[in-house]
Amino acid sequence: MPNVGDTITKYGRSYVWLQPNTSIANLPASANPGVWRLNTDDDWITANIAGATVSFDALLDSSVNNVVIGQLLYVTATGTVALADATSIATARVAGVATNTATSGQNVTVGTNANILIPDLSVCVDGANSSSSFNIGSYYYLSSVTPGNWTLTPDTTTPNKVVVPCGVAAAANRLAVDIETPTVV
């Protein structure tokens, strides 16, 4: 049996063993089992203003010149990451969002299930300019127009295009990243 505070890494994510509230009087130990929980603070979304905390590092594929904060990425067959694209199912399996800038052959941190600040929407959102802001509360999807970009209007009419909900606008320049299952049109 693990002890409170023990950690393990499974499937690229870190977990910590926690014991629920033990101060409840007359509660038998069998009614208070411990649990493995993702190893992040309860307030990780609001506490981490700089970006995502649930993430992994990967090598940027040689087919990509550079990546900027906020671009959507997928894992290639060789284990590198490249700009995700909704034109085919192979490139539309979004792994997460770049949380740092990188060039070909460098490591990029890929944030998943997180809240990320995107400093300049014009570099990663279809139709945005440098003074644009997100439509708070709106869903954003993987673009089929520009690899790595987000869009408010996915292509739902062209056969074989892929629709992937990737997050919800939480503020004018912040997205709550939540990659959903791709749907082929």
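Source: prediction; values computed, not measured.
- Legend: ring pair (Phe, Tyr, Trp, His ring centres under 6.0 Å) pairs involving residues 137-185, not counting sequence neighbours, sorted by first then second residue: F134-Y140.
- Expressed to the nearest 0.5 Å, how far CG of D85 lies from NZ of K161 amounts to 7.5 Å.
- The only option from T109, T99, N107 that meets the side chain to side chain donor-acceptor pair (under 3.5 Å) definition with D57 turns out to be T109.
- In the hydrophobic clustering of ILVMFWY residues, with side-chain heavy atoms under 4.5 Å counting as a link, V97 and L59 come out apart.
- The shortest heavy-atom contact between A169 and N135 is CB-O, 3.3 Å.
- Here the shortest heavy-atom pairing between A98 and V108 reads CB-CG2, 3.9 Å.
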Query - S88 vs T91, side-chain hydrogen bond (donor to acceptor under 3.5 Å, both in side chains): CA-CA, chis, key distance, verdict - result: CA-CA 6 Å; S88 76; T91 60; 3.2 Å; yes
Query - Step-by-step side chain to side chain contact (heavy atoms under 4.5 Å, CB included) determination, T103 to L60 - result: CA-CA 7 Å; T103 58; L60 188 60; 5.5 Å; no
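- Put simply, the residue from T101, V81, L73 that forms a side chain to side chain contact (heavy atoms under 4.5 Å, CB included) with V67 is L73.
- A heavy-atom distance below 4.5 Å is found between the side chains of L121 and N173.
- Residues I179 and T112 are not in side-chain contact: their nearest non-hydrogen atoms beyond the backbone lie 4.5 Å or more apart.
- Residues N65 and S104 bring no donor and acceptor atom of their side chains to less than 3.5 Å of each other.
- Counting only distance, with no hydrogens or angles, the side chain of D155 and the backbone of T157 share a donor-acceptor pair below 3.5 Å.
- Nearest heavy atoms, I69 versus I118: O-CG2, 4.2 Å.
- To the nearest 0.5 Å, atoms CZ (R93) and OG1 (T181) are separated by 9.5 Å.
- Contact record, I136 with A170: CG2-O, 4.1 Å, taken as the closest heavy-atom pair.
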Query raised in the report: Yes or no on side-chain hydrogen bond (donor to acceptor under 3.5 Å, both in side chains) for T80 and D61, after CA distance, side-chain angles and deciding distance?
Result: CA-CA 5 Å; T80 60; D61 194 74; 2.6 Å; yes
Report task. Report the C-alpha separation of L83 and L72 in whole Å, then their side-chain angles, then the decisive distance to 0.1 Å, and conclude whether the side chain to side chain contact (heavy atoms under 4.5 Å, CB included) test is met. Result -> CA-CA 6 Å; L83 296 173; L72 295 164; over 6 Å; no
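- Rounded to the nearest 0.5 angstrom, N160 CG and S144 OG are separated by 12.0 Å.
- Within the 3.5 Å criterion, the main-chain N or O of P154 finds no donor-acceptor partner in the side chain of T151.
- Looking at I116 and R174, their side chains never come closer than 4.5 Å, going by heavy atoms from C-beta outward.
- Both L152 and V164 sit in one connected hydrophobic cluster of ILVMFWY residues. Membership requires side-chain heavy atoms under 4.5 Å apart, directly or through other members.
- A continuous path of ILVMFWY side-chain contacts below 4.5 Å connects V75 to V64, so both sit in one hydrophobic cluster.
- In terms of heavy-atom proximity, Q71 sits nearest to C124 at CG-CB, 3.9 Å.
- Here the closest heavy-atom approach between residue V94 and residue C166 is recorded as CG2-SG, 4.1 Å.
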